[in-house]
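Here the structure is a predicted model, which means the values were calculated and not measured. Numbered from 1 within each chain, the chains take letters A, B, ... in sequence-line order.
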Amino acid sequence: MPELPEVETVARDLAGRIIGKTIRDVKLRRADLRQPFPKNLKVLLIGRKIVSVGRRAKYVLIHLDDASVLVLHLGMSGSITVRQAKNYQPQKHDHVLIALDGGNLMVMNDPRRFGLLTVVKSDELKNHKLFRALGMEPLSNKFTGKALHTLLKNKNTNVKAAIMDQSLVVGVGNIYAAESLYLAGILPTRNSRKITIQEAEKLTKSIKNVLCAAIEAGGSTISDYRSATGKSGKFQVKFQVYGRAGEKCLRCGSLVKSIRQNGRSTFYCAVCQS
DNA sequence: CGGCGGTCCTGTCAGC
DNA sequence: TGCTGACAGGACCGCC
């Protein structure tokens with residue numbers, strides 16, 4: 001479900017609500033998501049104070065006062081909400097409940113269970129299995145047209161799969177890949193090696209623009225995504241092509257097309273993109 | 001060895 | 001109404 005803008009929104013919302021709080025209790029309603037939870041999870045978390053909240057790629061990073069990090073990934077369908085603990089009845093798919101001092105409860109819900117929760121020592125984060133192969137942050141200054149052009153040259157696949165490859169650039173998922181390529185006027189089926197430097201410059205800007213705009217809108221709400229404060233995102237109303245197969249292209253009026261690439265739906269305008 | 005298909009899971013919706 | 005199949009924001013594993 002969540003791509004970079006949704007994860008960023010969740011991380012920011014969490015920051016405003018949990019920093020400075022101490023974890024008082026942890027309830028596990030099952031033993032795993034995509035992978036088993038650490039066996040000593042309660043020992044690792046209870047009594048720890050939350051010092052900051054960040055994001056790397058599509059991971060939420062909750063930094064604790066013992067130089068460890070609670071690492072969360074939302075998979076396709078995960079959400080994290082903070083609510084009053086008093087009288088809270090766990091809902092279906094609420095897998096982890098973390099009670100904080102001050103009476104709040106952080107709830108991780110994930111119907112499809114593609115998400116992940118683990119704890120990593122801060123100084124081991126960069127070299128951790130989950131993080132060491134991750135590519136560039138698209139909103140960083142290092143993510144330039146030149147950098148993307150080089151990355152694309154070294155790949156041999158369609159440009160859409162390439163920008164969704166988390167070892168090249170992180171955070172771009174199925175929605176924002178389609179939106180970025182539309183904004184850049186590039187067909188998603190183009191081979192990554194044949195993207196020119198000028199196109200890479202344009203695509204870089206499009207990715208940054210679409211991700212920033214989505215963050216400003218609080219992410220996109222499809223189905224049941226909510227931020228940590230329970231709000232819906234608003235960016236979905238700004239989708240130019242995603243989910244609009246058969247509808248008119250907002251720029252030229254021809255019909256938006258839908259194809260499958262690498263097992264995922266792709267949406268594009270055959271007139272505006274080449 | 002890199003690219004890509006299959007797979008993990010539940011929920012929802014279209015079509016019959 | 002109920003059944004079936006396709007599909008859904010991700011990413012890992014194995015096979016060519």
request  = Could you tell me the separation between the CG atom of A:Leu134 and the C1' atom of C:dA11, rounded to a whole number of Å?
outcome  = 11 Å

task = For the pair A:Phe131 and A:Tyr59, evaluate ring-ring contact (aromatic ring centres under 6.0 Å, His included) and give the outcome as yes or no after the intermediate values.
result = CA-CA 9 Å; A:Phe131 294 91; A:Tyr59 294 90; 4.8 Å; yes

query = What integer number of Å spans the C1' atoms of C:dA11 and B:dT12?
reply = 23 Å

task = Specify the separation, in whole Å, of atom CG of A:Leu130 and atom P of C:dG10.
result = 16 Å

key: NZ (A:Lys121) with more than 12 external heavy atoms under 6.0 Å   = no

ask   = Rounded to whole angstrom units, what separation is found between the CZ atom of A:Arg260 and the C1' atom of B:dC4?
value = 14 Å

key: Any A:His73 side-chain nitrogen or oxygen under 4.0 Å from OP1 or OP2 of C:dG10   = no

query = Does A:His93 make a side-chain N or O approach to OP1 or OP2 of B:dG11 shorter than 4.0 Å?
reply = yes

query = Base, sugar-phosphate, or nothing for A:Tyr242, non-hydrogen atoms under 4.0 angstrom?
reply = sugar-phosphate

query = Would you say A:Asn109's side chain and A:Lys92's backbone share a donor-acceptor pair under 3.5 angstrom?
reply = yes

Counterpart base for C:dC12, defined by Watson-Crick or G-U wobble contacts under 3.5 Å = B:dG6

Phosphate OP1/OP2 of C:dA11: any A:Lys58 side-chain N/O under 4.0 Å = yes

Distance in angstrom units between A:Leu152 CG and B:dG3 C1', rounded = 15 Å

request  = Side chain of A:Lys129 only, please: which of B:dG11, C:dC13, C:dG10 is the nearest?
outcome  = C:dC13

inquiry  = Tell me the interatomic distance from A:Phe131, atom CZ, to C:dA11, atom P, rounded to whole angstroms.
reply    = 11 Å

query = Under 4.5 Å between any side-chain heavy atoms of A:Leu130 and A:Leu116, yes or no?
reply = yes

ask   = What nucleic acid atoms does A:Asn156 come within less than 4.0 Å of, heavy atoms only: base, sugar-phosphate, or nothing?
value = sugar-phosphate

task = To the nearest Å, give me how far apart CZ (A:Arg264) and P (C:dC7) are.
result = 13 Å

Crowding at NZ, A:Lys208 (>12 non-hydrogen neighbours, <6.0 Å) = yes

message = Using OP1 and OP2 only, check whether a side-chain N or O of A:Thr157 sits under 4.0 Å from B:dC4.
response = yes

message = With a 4.0 Å limit, can you tell me whether A:Lys92 has a side-chain N or O closer than that to the phosphate oxygens OP1/OP2 of B:dT10?
response = no

key: Selection from B:dC9, B:dG3, C:dG10 that lies nearest to any side-chain heavy atom of A:Arg112   = B:dC9

request  = Could you tell me the separation between the CG atom of A:Leu33 and the C1' atom of C:dC12, rounded to a whole number of Å?
outcome  = 15 Å

task = Report yes if a side-chain nitrogen or oxygen of A:Ser77 is closer than 4.0 Å to either non-bridging phosphate oxygen (OP1 or OP2) of C:dG10; otherwise report no.
result = no

message = Please determine whether any donor N or O and acceptor N or O are separated by less than 3.5 Å between the side chain of A:Arg113 and the base of B:dC9.
response = no

inquiry  = For the P atoms, the ones on C:dG5 and on B:dT7, what distance do you get once it is rounded to whole angstrom?
reply    = 15 Å

ask   = Within this structure, what is the CG-to-C1' distance between A:Asn109 and B:dT10, rounded to whole angstrom?
value = 11 Å

query = Would you call A:Lys205-A:Glu201 a salt bridge at under 4.0 Å N-O?
reply = no

